[in-house]
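Report on the following structure.
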Amino acid sequence: MATQDNGFSENRFYERLLQECYDSYDEELEMELDDSRFGGEQPSDPDKKAWRKYYFRELLRLQGELVKLQEWVTRTGHRMVIIFEGRDAAGKGGVIKRITQRLNPRTCRVAALPAPNDRERTQWYFQRYIAHLPAAGEIVLFDRSWYNRAGVERVMGFCNEEEVEEFFRSVPEFEKMLTRSGIQIVKYWFSITDEEQELRFLSRIHDPLKQWKLSPMDLESRRLWEDYTEAKEIMLARTHIAEAPWWVVQGVDKKKARLNCISHLLRQVPYEDAEEKKIDLPPRERNEDYRRSPVPENMIVPEVY
């Protein structure tokens with residue numbers, strides 16, 4: 001039986017490669033199981049089992065296309081901003097996780113800014129977001145963005161109507177300026193129903209692993225559902241411009257929302273598949289006088305599992 005340079009037999013070598021693939025896919029299963037622990041899904045239902053199988057197959061295919069998109073962005077120096085907005089618990093985070101899961105974090109990163117500090121509140125409103133804009137060959141996903149002013153800040157009274165009106169005057173020009181400079185902007189609004197948000201909030205309340213996702217402001221947003229609806233409608237009407245249009249993702253079904261959003265995103269970029277490069281793993285250099293020093297026992301993590 002043939003033996004690889006790394007000491008594995010050929011069969012054992014391919015078994016290890018296969019196991020590495022399974023481990024990678026398990027990461028997706030872990031996220032999906034986390035999403036559905038309190039979702040009432042019945043794995044014995046043949047239709048749900050078939051849909052779940054189809055979902056994973058499509059997700060893997062779309063993530064493969066995202067890798068090609070990232071390679072094209074890096075190769076061409078394209079700059080891209082993707083904005084994710086929507087109500088609390090609308091599913092933005094889940095989509096962002098699936099988009100970034102297989103991409104290089106050095107070229108595709110997430111900007112999720114906290115509430116502004118005292119100094120930032122005195123700056124030009126867009127100033128703190130500018131620092132997170134992409135350089136050549138980068139993709140930045142904004143998990144909430146400058147549109148906070150038209151939504152949560154307006155509804156919760158963190159700004160006055162004069163500041164809101166100035167935002168609406170400025171943001172179209174701001175985004176046109178970015179697109180003229182070569183930055184592509186794609187904006188998504190995730191839409192869910194009143195009933196679906198209530199269900200997801202209750203799920204978080206009763207799930208100790210998800211309670212951290214609930215803030216006092218999230219709970220207040222539930223009470224102010226109609227105010228948020230009015231603010232959203234005004235925002236979409238006043239900031240939907242040709243250079244950076246809004247796209248609405250129907251988010252009640254999380255799995256469909258993820259696939260639909262990623263599929264749509266891929267169609268917004270004229271990426272091309274690069275010519276596949278042959279990669280050869282160089283042999284390891286071995287020196288006869290090399291001796292590996294033992295690791296002290298008190299430094300080793302106990303193997304509980």
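No hydrogens, no waters, no symmetry mates; every other heavy atom, side chains included, goes into these values. Everything quoted here is computed from the prediction, not taken from an experiment.
Taking a cutoff of 4.0 Å between a charged side-chain nitrogen and a carboxylate oxygen, Asp227 and Lys232 do not qualify as a salt bridge. In summary, Lys68 and Glu71 do not engage in a salt bridge, as defined by a charged side-chain N under 4.0 Å from a carboxylate O. Note on Glu165 versus Arg238: salt bridge recorded, some NZ/NE/NH1/NH2 to OD/OE distance being below 4.0 Å. A salt bridge between Arg258 and Asp253 is absent, with no side-chain N of the basic residue lying under 4.0 Å from a carboxylate O of the acidic one. Using a cutoff of 4.0 Å between basic side-chain nitrogens and carboxylate oxygens, Glu163 and Arg154 are not scored as salt-bridged. For Lys49 and Asp47, the salt-bridge test fails: no basic side-chain N is under 4.0 Å from an acidic carboxylate O.
We find the OG1-CG distance between Thr74 and Asn104 to be 7.5 Å, quoted to the nearest 0.5 Å. Note that CD of Glu220 and CG of Asp218 are 11.0 Å apart. Values are rounded to the nearest 0.5 Å. Note: Lys210 NZ to Ser203 OG = 5.0 Å, rounded to the nearest 0.5 Å. For the atom pair CZ (Phe167) and CG (Asn148), the distance works out to 9.0 Å, reported to the nearest 0.5 Å. Atom CG of Asp88 is separated from atom CD1 of Ile192 by 8.5 Å, given to the nearest 0.5 angstrom. Taking CG of Leu224 as the start and CE of Met217 as the end, the distance is 11.5 Å to the nearest 0.5 Å.
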**OP:** Check the pair Tyr125 / Glu120 against side chain to side chain contact (heavy atoms under 4.5 Å, CB included), numbers first and verdict last.
**Re:** CA-CA 8 Å; Tyr125 179 71; Glu120 288 171 334; over 6 Å; no

**OP:** Using the side chain to side chain contact (heavy atoms under 4.5 Å, CB included) rule, take Leu113 and Arg128 through it: C-alpha gap first, then chi angles, then the decisive distance, then the call.
**Re:** CA-CA 9 Å; Leu113 277 61; Arg128 72 190 192 116; 3.8 Å; yes

Original post:
Between Lys187 and Glu85, is a side chain to side chain contact (heavy atoms under 4.5 Å, CB included) present by the stated rule, with each step listed?
Top reply: CA-CA 8 Å; Lys187 302 186 298 196; Glu85 294 286 346; over 6 Å; no

Subject >> Evaluation steps, salt bridge (Lys or Arg N to Asp or Glu O under 4.0 Å), between Arg200 and Glu196 >> reply: CA-CA 6 Å; Arg200 293 183 187 180; Glu196 183 64 21; 2.8 Å; yes

Original post:
Do Trp225 and Tyr228 pass the ring-ring contact (aromatic ring centres under 6.0 Å, His included) test, and can you show the C-alpha distance, the side-chain angles, and the key distance before you say yes or no?
Top reply: CA-CA 5 Å; Trp225 172 276; Tyr228 272 95; 8.8 Å; no

Subject >> Steps toward salt bridge (Lys or Arg N to Asp or Glu O under 4.0 Å) verdict (Arg204, Asp207) >> reply: CA-CA 5 Å; Arg204 292 180 178 183; Asp207 183 352; over 6 Å; no

**OP:** Check step by step if salt bridge (Lys or Arg N to Asp or Glu O under 4.0 Å) holds for Asp280 and Lys278.
**Re:** CA-CA 7 Å; Asp280 294 316; Lys278 187 175 184 298; 2.5 Å; yes

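In this structure, the side chain of Asn287 does not engage the main chain of Tyr290 through any donor-acceptor pair within 3.5 Å. The backbone N or O of Leu265 lies less than 3.5 Å from no partner atom in the side chain of Gln268, so there is not a single donor-acceptor pair. Using a distance-only test at 3.5 Å, with no hydrogens or angles considered, no donor-acceptor pair links the side chain of Gln70 to the main chain of Thr107. Proximity of a side-chain donor or acceptor of Ser263 to a complementary backbone N or O of Asn260 within less than 3.5 Å is not detected. Between the Arg98 side chain and the Gly94 main chain, a donor and an acceptor come within less than 3.5 Å of each other. Here the side chain of Arg291 pairs a donor or acceptor atom with the backbone of Glu288 at under 3.5 angstrom. Between the Glu173 side chain and the Arg169 main chain, no donor and acceptor come within less than 3.5 Å of each other. Between the side chain of Lys254 and the backbone N or O of Ala90, no donor-acceptor pair lies under 3.5 Å. Side chain of Gln211 to main chain of Ile205: a donor-acceptor pair is present (N/O by atom type, distance under 3.5 Å, no hydrogens or angles). Between the side chain of Thr179 and the main chain of Lys176, a donor-acceptor pair closer than 3.5 Å is present.
The same ILVMFWY cluster, assembled from side-chain heavy atoms under 4.5 Å apart, contains both Val73 and Ile99.
Counting heavy atoms from C-beta outward, Leu60 and Arg102 have side chains that approach closer than 4.5 Å. A heavy-atom distance below 4.5 Å is not found between the side chains of Ser221 and Val152. Counting heavy atoms from C-beta on, the side chains of Val171 and Phe126 come closer than 4.5 Å. Within the 4.5 Å cutoff, the side chain of Arg149 has heavy atoms near those of the Cys159 side chain. In this structure, the side chains of Phe190 and Val248 stay at 4.5 Å or more apart for every pair of heavy atoms. Looking at heavy atoms from C-beta onward, His240 lies out of side-chain contact with Trp189 at the 4.5 angstrom threshold. For the pair Asp194 and Arg222, the minimum side-chain heavy-atom distance is below 4.5 Å. Phe158 places none of its side-chain heavy atoms less than 4.5 Å from the side chain of Pro116.
Residues Tyr188 and Lys92 bring no donor and acceptor atom of their side chains to less than 3.5 Å of each other. Between the side chains of Arg109 and Thr100, no donor-acceptor pair is found at a separation under 3.5 Å. A donor-acceptor contact closer than 3.5 angstrom links the side chains of Trp146 and Glu175. No side-chain donor from either of Arg87 and Gln197 sits under 3.5 Å from a side-chain acceptor of the other.
The environment of CH2 in Trp124 is crowded: more than 12 heavy-atom neighbours from other residues, nucleotides or ligands sit within 6.0 Å. Residue-environment remark: CD (Glu230) stays at or below the threshold of 12 foreign heavy atoms within 6.0 Å.
Contact record, Pro245 with Ala242: CD-O, 3.6 Å, taken as the closest heavy-atom pair. Minimum heavy-atom separation, Ala150 to Ala231: O-CB, 3.6 Å. Shown here for Leu266 and Tyr271, the closest heavy-atom pair between the two residues is O-CE2, 3.5 Å. Residue Ala257 comes nearest to Gly251 through the heavy atom pair CB-CA, 3.9 Å, listed as atom of the first residue, atom of the second, then distance.
Taking the six-membered ring where the residue is Trp, the centroids of Trp246 and Tyr147 are separated by under 6.0 Å.
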Without placing hydrogens or testing angles, list every side-chain donor-acceptor pair under 3.5 Å for residues 75-84, not counting sequence neighbours.
unit_1, atom_1, unit_2, atom_2, d
Arg75, NH2, Glu272, O, 3.4
Thr76, OG1, Trp72, O, 2.8
Thr76, OG1, His78, N, 3.4
His78, NE2, Gln184, OE1, 2.8
Arg79, NH2, Ser181, O, 2.2

